[in-house]
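This is a predicted model, so every value here is computed, not measured.
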Amino acid sequence: MSTSTAGRRAVKAVIPAAGLATRFLPATKAVPKELLPVVDRPVLQYIIEEAAAAGIGDVLLVTGRGKTSMVDHFDRQPYLEARLEEKGDTERLAAIRRPSELAEIYTCRQAEPLGLGHAVSYAESHVGDEPFAVLLGDEFVDLSEPLLPAMLDIQARTGGIVLAFLEVAPEETKRYGIASVAPSGDGLTDLGEVVKVTGLVEKPAPADAPSNLAVIGRYVLPARIFDAIRRTGPGSGGEIQLTDAMGLLLEEGVPVHGIVYRGTRYDTGMPLGYLQAVVQIACQREDLGAEFRKWLGEFVGSLSGPST
C-alpha cells in the first residue's frame with residue numbers, strides 16, 4: 001500500500017449507516033433513520049446528492065440488520081414508473097428515477113455497530129488504495145454552499161486527512177470532537193478557510209477544549225486509515241473510534257487539515273435538528289415555501305396569544 005495519495009482526487013464515498021437510531025424510536029423500529037423524509041426526499045438522498053454534486057459517483061453504504069430498504073430507494077421501480085408514464089405525470093416520474101441516476105450504490109453489512117472506525121474499516125476492499133470520502137448519514141449541507149469539493153481538492157494536494165469544522169459555542173464542545181489548530185501555511189488558502197490540525201480531543205469539557213472548532217460529519221481520508229484502524233484499540237464507549245485512528249496517523253506525520261464551514265448545515269441526528277431541517281427546507285421550496293411560511297407565521301402567532 002502506498003504511503004501518499006497526493007494528486008489523486010477521491011471519487012468514492014462511504015456512508016456508515018448501521019446505527020440503531022434509538023433517539024427516533026419507535027419510528028426507526030422498521031424505518032431506517034436515513035430514510036426519514038425531509039419534505040419529500042429522505043435524508044440519505046440529500047447526502048448522496050451532495051456527493052454526486054462534488055463528482056463522487058461511487059457510494060458504499062455500510063448497513064446493518066433491517067436496513068435493506070435504503071438500497072431499494074436507489075433502485076428502479078419499473079411498475080411505478082410505468083403507471084406514472086401512463087398518467088403522463090412526468091414530474092413525479094423524473095423524481096422517482098433521480099435516485100437511481102445519482103451514483104453507483106454498493107452495500108456491505110456491518111454485523112454490529114462497534115464505532116465509526118469499525119464501520120469505516122468495512123470499506124477497505126471496496127476502496128482499495130485510493131483516497132475516499134466518509135459522509136455521516138444524518139447530516140447534509142445546502143448544495144448552493146458546497147463543502148465537499150474543497151475538501152476533495154485539499155486532500156488531492158496534500159495526500160493526508162481532511163476534516164470539516166463548524167464553530168460551536170463553548171458549552172457545545174462536550175458534544176463533538178474538537179481540534180487544536182494552527183495556520184495552514186502551505187498554499188491552501190485559495191480553497192477556503194483552511195487550518196492545519198495539530199491535535200484532536202473527543203468531547204472535551206468547555207474548560208479543556210483547545211478551540212471551538214468541532215469536527216462535523218465529513219471526512220476525506222487516505223487509504224492508510226485502514227491500517228491505522230487495525231492498530232487502534234477500543235476507545236470512548238468501548239468502540240473503535242475513527243478519531244483515534246486519525247490521531248494515530250497525525251502522530252506518525254500524516255498531514256491533517258481542516259476547512260471551517262460557514263454555510264448551511266442540516267443536522268438530522270436528533271429530533272430537534274430533524275424538525276428544524278424539515279421546516280427550513282420547506283420554507284425554501286418554490287412550490288411550498290410561500291404558503292408554508294404564511295401558515296407557519298400564523299401558527300406561531302397563535303401560540304404567543306394576543307399582545308397586551
Side-chain angles (χ1 to χ4, degrees), residues 10 13-17 19 21 23 33-34 38 43-44 46-51 53-54 56 59 62 115-117 119-120 132-155 160-181 184 188 191-204 206 209-221 225 236 239 241-247 250 256-274 276-277 280-281:
V14 176
I15 302 179
R23 292 186 182 97
K33 176 183 67 173
E34 295 82 5
V38 178
V43 172
L44 186 58
Y46 285 94
I47 294 168
I48 293 180
E49 285 174 347
E50 181 185 338
I56 290 174
V59 176
V62 182
L116 180 56
V120 170
F132 64 103
V134 174
L135 290 72
L136 298 194
D138 53 14
E139 59 184 88
F140 57 96
V141 305
D142 193 308
L143 287 182
S144 67
E145 303 166 302
L147 170 61
L148 271 178
M151 295 182 69
L152 296 170
D153 289 343
I154 294 167
Q155 202 285 328
I161 294 169
V162 183
L163 308 176
F165 294 138
L166 192 70
E167 286 191 328
V168 297
E171 62 271 16
E172 293 291 301
T173 60
K174 60 183 180 293
R175 295 182 51 220
Y176 296 93
I178 302 295
S180 52
V181 300
S184 62
L188 298 171
L191 295 174
E193 194 173 340
V194 182
V195 292
K196 185 175 182 179
V197 178
T198 58
L200 294 167
V201 182
E202 190 67 27
K203 300 178 180 178
S211 74
N212 68 336
L213 295 179
V215 180
I216 57 175
R218 295 292 179 269
Y219 311 80
V220 186
L221 304 170
I225 194 67
S236 175
E239 298 179 335
Q241 298 294 344
L242 183 61
T243 299
D244 295 337
M246 293 189 300
L250 176 62
V256 182
H257 292 83
I259 184 166
V260 183
Y261 184 60
R262 303 289 184 184
T264 302
R265 167 183 173 255
Y266 302 101
D267 183 358
T268 63
M270 293 187 291
L272 178 60
Y274 169 73
Q276 289 169 334
Q280 285 177 270
I281 289 176

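A distance-only check finds no donor-acceptor pair linking the side chain of Y176 to the backbone of F165 [under 3.5 Å]. A donor-acceptor pair under 3.5 Å is absent between the side-chain atoms of Q155 and the main chain of V162, judged by distance alone. A donor-acceptor distance shorter than 3.5 angstrom exists from the side chain of T268 to the backbone of D138, with no hydrogens or angles considered.
Rounding to the nearest 0.5 Å gives a distance of 9.5 Å between CG of L191 and OG of S184. How far CD of Q241 is from CG of L200: 12.0 Å, rounded to the nearest 0.5 Å. Distance NZ/K174 to NZ/K203: 11.5 Å, rounded to 0.5 Å. With rounding to the nearest 0.5 angstrom, the NZ atom of K196 is 9.0 Å from the CG atom of L250.
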_Worked check of side-chain contact (heavy atoms from CB on, under 4.5 Å) between I154 and V220_ = CA-CA 9 Å; I154 294 167; V220 186; over 6 Å; no
*asked:* Working note: L135 + V59, criterion side-chain contact (heavy atoms from CB on, under 4.5 Å); need CA distance, chi angles, decisive distance, verdict.
replied: CA-CA 10 Å; L135 290 72; V59 176; over 6 Å; no
*Could you walk me through whether L136 and L116 pass side-chain contact (heavy atoms from CB on, under 4.5 Å), step by step?*
CA-CA 9 Å; L136 298 194; L116 180 56; 3.7 Å; yes
*Using the side-chain contact (heavy atoms from CB on, under 4.5 Å) rule, take E145 and Y261 through it: C-alpha gap first, then chi angles, then the decisive distance, then the call.*
CA-CA 9 Å; E145 303 166 302; Y261 184 60; 3.5 Å; yes
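Applying the salt bridge (Lys or Arg N to Asp or Glu O under 4.0 Å) criterion to E167, with sequence neighbours excluded, gives R262. With sequence neighbours excluded, the residues forming a salt bridge (Lys or Arg N to Asp or Glu O under 4.0 Å) with E172 are R175, listed by chain and number. Checked against side chain to side chain contact (heavy atoms under 4.5 Å, CB included), E50 has the following partners two or more places apart in sequence or in another chain: F140, V141, L143, L148, R218.
With contacts defined as side-chain heavy-atom distances shorter than 4.5 Å, the pair I178/P210 qualifies. Side chains of Y219 and I225 form no contact here, defined as non-hydrogen atoms less than 4.5 Å apart. V38 has its side chain within reach of Y46: a pair of non-hydrogen atoms, C-beta onward, lies under 4.5 Å apart. I15 has its side chain within reach of I47: a pair of non-hydrogen atoms, C-beta onward, lies under 4.5 Å apart. Looking at heavy atoms from C-beta onward, P170 lies out of side-chain contact with N212 at the 4.5 angstrom threshold. Residues I161 and V197 are not in side-chain contact: their nearest non-hydrogen atoms beyond the backbone lie 4.5 Å or more apart. Side-chain contact between V62 and V14: present, with at least one pair of heavy atoms (C-beta onward) separated by less than 4.5 Å. Residues M246 and L163 are in side-chain contact: their nearest non-hydrogen atoms beyond the backbone lie under 4.5 Å apart.
Of all heavy-atom pairs spanning I56 and A10, the tightest one is CG1-O, 4.3 Å. Counting all heavy atoms, side chain and backbone alike, S211 lies closest to T173 at O-CG2, 4.2 Å. Considering all non-hydrogen atoms of both residues, A21 and K33 come closest at CB-CB, 3.5 Å.
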